[in-house]
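Reviewing the structure listed below.
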Amino acid sequence: MDEVERLAAEDPVVIFTKSSCCICHTIETLIRGFGANITVYQLDQLPNGREMERALKRLGRKPSVPSVFIGNELVGGSNEIMSLNIRGKLKPMLIEANAIWV
């Protein structure tokens, strides 16, 4: 869990994904659409990816990907991100985390 939390704290927006996950790609595209520069870790491409996936599950992420951290806070997965976007709360959250500037 320490590795996941350390990586999540390094950048304003961090997404843990898998390269074969189309929902992960959709969430990445949505957030990039706001102009955010995001950091993506593809768990299936990392040597310690399985360990990181277990850590995300211990944080309550089931399924483990996508797992989105904004401003060092675990926001959730695709359902939470889409809900925030529909309610108009995703963009302000990205601004507050200094992930985008308006």
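Remember, it's a predicted structure, so these values are computed and weren't measured experimentally. Numbers here are sequence positions counted from 1.
Across all non-hydrogen atoms, the minimal contact from S78 to I23 is CB-CG2, 3.3 Å. Here the shortest heavy-atom pairing between I100 and G35 reads CG2-C, 3.6 Å. Nearest heavy atoms, L30 versus F34: O-CD1, 3.4 Å. Across A97 and P12, no two heavy atoms sit closer than the pair O-CB, 3.4 Å.
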Could you go through the side-chain contact (heavy atoms from CB on, under 4.5 Å) check for E28 and T17 one step at a time?
CA-CA 9 Å; E28 287 178 47; T17 71; 3.6 Å; yes
Kindly indicate, with the supporting measurements, whether the criterion side-chain contact (heavy atoms from CB on, under 4.5 Å) is fulfilled by T26 and T29.
CA-CA 5 Å; T26 301; T29 302; 5.7 Å; no
Checking side-chain contact (heavy atoms from CB on, under 4.5 Å) for the pair V68/I31: CA distance, chi angles, key distance, verdict?
CA-CA 10 Å; V68 180; I31 294 174; 4.1 Å; yes
N37 and D11: CA distance, side-chain angles, deciding distance, side-chain contact (heavy atoms from CB on, under 4.5 Å) verdict:
CA-CA 9 Å; N37 186 15; D11 294 296; over 6 Å; no
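Around CZ of R32, the count of heavy atoms belonging to other residues, nucleotides or ligands within 6.0 Å exceeds 12. The 12-atom threshold is not exceeded at CD of E96, counting heavy atoms of other residues, nucleotides or ligands nearer than 6.0 Å.
Distance check: S64 OG to R54 CZ gives 11.0 Å after rounding to the nearest 0.5 Å. Atoms CD and CG, on E5 and L56 in that order, are 9.5 Å from each other to the nearest 0.5 Å. A distance of 8.0 Å separates NZ of K62 from NZ of K57, quoted to the nearest 0.5 Å. Residue F69 holds its CZ atom at 12.5 Å from OG1 of T39, rounded to the nearest 0.5 Å. Note that the CG atom of N72 and the CZ atom of R6 stand 12.0 Å from one another [nearest 0.5 Å].
Applying the side chain to side chain contact (heavy atoms under 4.5 Å, CB included) criterion to M52, with sequence neighbours excluded, gives E3, V4, L7, F16, L43, L46, N48.
Within the 4.5 Å cutoff, the side chain of L90 has no heavy atoms near those of the V75 side chain. Using a 4.5 Å heavy-atom threshold, the side chains of Y41 and V14 count as touching. Taking 4.5 Å as the limit, some side-chain heavy atom of M82 sits within range of a side-chain heavy atom of I27.
Side-chain N or O atoms of D44 include one that pairs as donor or acceptor with a backbone N or O of S19 at under 3.5 Å. For the pair S83 (side chain) and N79 (backbone), a donor-acceptor distance under 3.5 Å is absent.
With M93 as the partner, the side-chain contact (heavy atoms from CB on, under 4.5 Å) test is satisfied by one option alone out of L84, I81, N85: L84.
Look at R61 and E53 and you find no salt bridge, because none of the NZ, NE, NH1 or NH2 atoms lies under 4.0 Å from a carboxylate O.
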